[in-house]
Asks: 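Attaching a single structure in structure tokens format; questions to follow.
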There are 2 protein chains.
Amino acid sequence: MKSDSNVPPIDPPSLAERIRLEMDSFTPSEKRAAHMLLSHYPFAGLDTVAEFASRAGISAPSVLRFVTRLGFGGFPEFQRHLREELEAQLLSPLAKASPSDRSHGAPALAAFAESVIGNLRATVENIAPAEFDAVVELLSDQRRPVHFTGGRFTGALARYAESHLRIVRSHVDYIEGQPALWRDRMIEIGRKDVIVAFDIRRYQEDVTALCETAAKQGATVVLLTDPWLSPIARVARHVLPAHIVAPSNWDSSAGLLLITEALVAAVTKRLWETAKPRMEAVERLRNEKP
Amino acid sequence: MKSDSNVPPIDPPSLAERIRLEMDSFTPSEKRAAHMLLSHYPFAGLDTVAEFASRAGISAPSVLRFVTRLGFGGFPEFQRHLREELEAQLLSPLAKASPSDRSHGAPALAAFAESVIGNLRATVENIAPAEFDAVVELLSDQRRPVHFTGGRFTGALARYAESHLRIVRSHVDYIEGQPALWRDRMIEIGRKDVIVAFDIRRYQEDVTALCETAAKQGATVVLLTDPWLSPIARVARHVLPAHIVAPSNWDSSAGLLLITEALVAAVTKRLWETAKPRMEAVERLRNEKP
DNA sequence: CAAAAGCTGTACCAAAAATTTCAGGTAAGC
DNA sequence: GCTTACCTGAAATTTTTGGTACAGCTTTTG
């Protein structure tokens, strides 16, 4: 067997690593098995063949072929290996950041991820706690209708926010950026309303116009933007900036998503008393579908 | 369901702890079993009854009586408990910090961010480079139409991907999840088409149905999902799993966004020759609007 | 010191798990 | 367009494993 005879002196030839390397040469169902295993490594491999197979969506024989292909004499032998590896790793306190693992993964993806992570850290540092709290408070006030909006790219984030928050509380909607689509709705917007706008560079005039109109009618505007600040900042009550520069021809919205998810999490917690029954009700309705 | 548990997660007393407490009341061979288990906790319990018995120097039935005494219905049940305990303990070094989150505001944001960052790292590690590259290649083939789709929350991510990629290349669109909205379009879907589906837990039947239909007609399905793998994985050619667990009542999509942005960046680079003029043309058209 | 109660292990059985066989299906190659 | 090679899962088979009954031994107790 190859891996036995010619082992380079590098310590842990983690099975996970080997699987990643050999991923190319796997058949489709072997790939399923590999993904399943890697995504819950190594616990997915610790129960029975049948369980493993069903979770990976393949048949038991395919799982057997998979472990055979990895060089094991059978499933029990494979399991023993996983257990020993896990035990060894767990007992050595320093084994946490296995450096051999860090270097792998899609190189492009890994570099991109590091950059995004840097953005997230920078974003968190530059957000004023009071500002964040104030926005949570604002979105938790159920008497105030909340409207999300965004530009051609950030619109998706606005929808994301809306799809979550609308389950937690009522009076939540999404407004399309194009003026033709919101002009008439502006009649309804007043002092009570809250507009949450997403806008990053190549700032979009129509979104700005929407916010300015709403602000003029007394609405409270919350802006999620980049560090250069969309012009909407002039009419916004609260501004939450996120770092967006990534090694790409496009900007990264991960920081905006982070803020969005954190806001949703905080509001959900804040309103839990009323949110819980709502969420359960939504769940029930969904299950009645057929 | 996750959202059912309002109760702060009081750490369930580890089995090891319980054994220590009840140690006095054990019979001699039970004590030997207990010591054996505690000294190699929890790995000693992870192999067969016979192995355990021999290591502890007792007989198999004694081991069985021991686990029964601990309140388990049988040895497999006991093993399952150990695995789950271990997994929970190992996978959430961050989640442990969450019970103390009575704190408000920025601390919450910072904690949330750290958790998300952990997800991103884990996501990168579990993506096979070959899989990522293969998807980039697939999306870079301009002869193959690309269709994005997603569920009620992930639909927003699909739109996000679509709004970027449609600028880079042609034949890119977004398909609504509801069957009524895509049934007729399926006529057009064939071997050349590529479906990119976003689907995380509380997997949506309509999205699954869409992908299955498309796959049946020969389309290539790419799936972005969570580590538990949406049922779509069964018909997907490529699967890119992202970690999604966050200290929130909701799952975090940051890992999916990361993959999405990395894919878009890679495809843009790959197609730069043709993408650049396209992007410039789009820019020009946008500026002509007023 | 004797009888009862309780542990413990051997031998056996039943259940479940892993593995092999085989046939249908799919994609590559001629 | 046909053949070949390979992948895949259903079902049958074998092996392993967990579980149980029972009898001997040890400890406790009156």
Asks: Between Arg65(A) and Gln79(A), which residue's closest nucleotide on DNA chain C lies nearer the 5′ terminus?
Replies: Gln79(A)
Asks: For DNA chain C, which nucleotides open and close the run of contacts to chain A, 5' to 3', at under 4.0 angstrom from a non-hydrogen atom?
Replies: dA17(C) to dT20(C)
Asks: Test: salt bridge (charged side-chain N to carboxylate O under 4.0 Å, His left out). Region: residues 57-69 of chain B. Which pairs qualify, not counting sequence neighbours?
Replies: Glu30(B)-Arg69(B)
Asks: What residue pairs, at least two apart or across chains, pass ring-ring contact (aromatic ring centres under 6.0 Å, His included) with a residue in residues 49-68 of chain B?
Replies: Phe26(B)-Phe66(B)
Asks: Could you check whether Ala50(A) gets within reach of a base, just the sugar-phosphate, or nothing at all, counting any heavy atom under 4.0 Å?
Replies: sugar-phosphate
Asks: Could you give the start and end, 5' to 3', of the contact zone on DNA chain D for chain B, using atoms under 4.0 Å from its heavy atoms?
Replies: dT17(D) to dT20(D)
Asks: Which donor-acceptor pairs under 3.5 Å do the side chains of residues 214-222 of chain B make with protein atoms, sequence neighbours left out?
Replies:
from      : atom 1 : to        : atom 2 : distance (Å)
Thr220(B) : OG1    : Arg144(B) : NH2    : 2.9

Asks: For the aromatic rings, using the six-membered ring if either is Trp, is the centroid distance between Tyr174(B) and His147(B) under 6.0 Å?
Replies: no
Asks: How close do Met279(B) and Ile167(B) get, heavy atom to heavy atom, and via which atoms?
Replies: CG-CG2, 3.6 Å
Asks: Using heavy-atom distances to pick each residue's nearest nucleotide on DNA chain C, tell me which of Ser62(B) and Asp47(A) is more 5'.
Replies: Ser62(B)
Asks: With sequence neighbours excluded, tell me which residues meet side-chain hydrogen bond (donor to acceptor under 3.5 Å, both in side chains) with Arg32(B).
Replies: none
Asks: What residue among Arg159(B), Arg183(B), Arg152(B) forms salt bridge (charged side-chain N to carboxylate O under 4.0 Å, His left out) with Glu176(B)?
Replies: Arg159(B)
Asks: Taking atom NZ as the centre, does Lys269(B) end up with more than 12 heavy-atom neighbours from other residues, nucleotides or ligands that are less than 6.0 angstrom away?
Replies: no
